[in-house]
Amino acid sequence: MSARKLNIDIDSTETVRSLKEKIHIFDGTPIRRMSLYFSGYELNEDEDRRLIEYGVEEFSEIIVFLKTMSRMVTDPPSRGLNLVVQTSSSLLSSAKIPVEMSDLGTVSDLRQLLLDRKILPMDDYIFIHKQRIMRDNFSLRWHGVENGDFVYVFKGSVSREGR
């Protein structure tokens, strides 16, 4: 088992859920796999509780355990998703494009589908879901995309420098 230490700034209004989201943004750990512990107590029962209610303060150490995900047991079978891709006004013209695909399809698959349909010209694009940049080789399910959700497309690319 590998251990590493992350220093993450939080404030007194931070909830368990928002800390999990920060950890996810920082190192890509899937939120649903995280179990957070502080002073021997699991912080997962109520994700809307504030960290301060658990006694977490500046320089507190929170331990993150990763739950193992057995594909056979925990992952439901793939589902078809109906989602809406919203292009930004900086692309051609702003448009809402209904798309159907499996929740196991990746962001790269979605990009290719839009290119094949001639909806997007060949270029670099960033896909955003719920204010988070989506990663090309990860599934829509991994990103938490649900039926009816919007995925936003912007022209550009992501630089990982400085990390």
Side-chain angles (χ1 to χ4, degrees), residues 1-86 99 101-114 124-154 156-163:
M1 171 152 70
S2 68
R4 47 180 207 262
K5 196 170 196 152
L6 302 174
N7 291 318
I8 296 178
D9 292 330
I10 60 167
D11 64 46
S12 60
T13 63
E14 207 86 44
T15 62
V16 173
R17 178 179 291 116
S18 62
L19 176 59
K20 284 182 173 184
E21 288 173 352
K22 281 185 175 182
I23 294 167
H24 169 73
I25 290 165
F26 195 85
D27 79 349
T29 302
I31 291 171
R32 66 183 188 169
R33 287 193 58 199
M34 289 182 213
S35 285
L36 304 184
Y37 290 86
F38 174 69
S39 294
Y41 293 100
E42 186 172 7
L43 307 182
N44 294 357
E45 307 85 42
D46 181 3
E47 289 191 338
D48 291 323
R49 271 185 79 182
R50 294 189 344 223
L51 294 172
I52 201 164
E53 293 175 54
Y54 289 102
V56 175
E57 52 193 46
E58 192 173 13
F59 304 115
S60 289
E61 189 166 292
I62 295 174
I63 297 170
V64 180
F65 283 111
L66 293 183
K67 300 176 211 162
T68 56
M69 294 296 206
S70 161
R71 284 208 168 280
M72 308 279 275
V73 179
T74 19
D75 278 5
S78 70
R79 296 176 303 157
L81 288 179
N82 289 304
L83 56 129
V84 178
V85 175
Q86 170 76 57
V99 174
M101 63 185 290
S102 163
D103 65 343
L104 296 180
T106 64
V107 174
S108 292
D109 297 336
L110 176 59
R111 177 189 321 271
Q112 196 55 54
L113 178 78
L114 296 172
D124 285 334
Y125 298 101
I126 299 170
F127 288 77
I128 309 267
H129 176 254
K130 294 192 175 174
Q131 301 177 344
R132 286 201 198 98
I133 294 174
M134 300 174 79
R135 296 174 173 208
D136 278 6
N137 297 321
F138 288 81
S139 70
L140 298 179
R141 178 187 291 176
W142 186 90
H143 285 95
V145 177
E146 298 286 337
N147 220 17
D149 278 1
F150 275 71
V151 171
Y152 297 88
V153 185
F154 296 91
S157 60
V158 178
S159 165
R160 291 271 180 211
E161 290 173 28
R163 286 209 161 185

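Note that these values count all heavy atoms, side chains included, but never hydrogens, waters or copies made by symmetry.
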### ring-ring contact (aromatic ring centres under 6.0 Å, His included) partners for F38, two or more places apart
none
#### Entry: Residues forming a ring-ring contact (aromatic ring centres under 6.0 Å, His included) with H24, sequence neighbours excluded
W142
[X] side, atom [atom1]; [Y] side, atom [atom2] - distance, nearest 0.5 Å:
X	Y	atom1	atom2	value
D103	E146	CG	CD	8.5 Å
M101	D109	CE	CG	5.0 Å
E53	T15	CD	OG1	10.0 Å
E57	I10	CD	CD1	10.0 Å
M34	F65	CE	CZ	14.0 Å
L110	S102	CG	OG	12.0 Å

### ring-ring contact (aromatic ring centres under 6.0 Å, His included) between F127 and Y152, worked out
CA-CA 6 Å; F127 288 77; Y152 297 88; over 10 Å; no
Strictly distance-based, threshold 3.5 Å: is any side-chain N or O of [X] a donor or acceptor partner for the main-chain N or O of [Y]?
X	Y	result
H143	H129	no
N147	N82	yes
S108	D136	yes

For the residue pair [X] and [Y], establish whether any side-chain heavy-atom pair is separated by less than 4.5 Å.
X	Y	answer
D149	K130	yes
L36	I23	yes
N137	V107	no
L51	L19	yes
L104	R141	yes
L114	V99	yes

### Task
Would you please test L140 and M134 for side-chain contact (heavy atoms from CB on, under 4.5 Å) and show each step?
CA-CA 9 Å; L140 298 179; M134 300 174 79; 3.8 Å; yes
### Query
Does CG in D9 sit with more than 12 non-hydrogen atoms of other residues, nucleotides or ligands closer than 6.0 Å?
no
### Query
Should I128 and V151 be marked as a side-chain contact (heavy atoms from CB on, under 4.5 Å) after you check the CA-CA gap, both sets of side-chain angles, and the distance that decides it?
CA-CA 6 Å; I128 309 267; V151 171; over 6 Å; no
### Task
Could you name each residue pair satisfying salt bridge (charged side-chain N to carboxylate O under 4.0 Å, His left out) that touches residues 12-23, not counting sequence neighbours?
E14-K22, R17-E47, R17-D48, K20-E47, E21-R132
### Message
Ignoring hydrogens, what is the shortest heavy-atom contact between S60 and G55? Give both atom names and the distance.
### Response
OG-O, 4.3 Å
### Query
Can we call the ring centroids of F154 and Y125 under 6.0 Å apart?
no
### Task
Assess R49 against Y54: is NZ or CZ under 6.0 Å from the centre of the six-membered ring, and within 45 degrees of the ring's axis?
yes
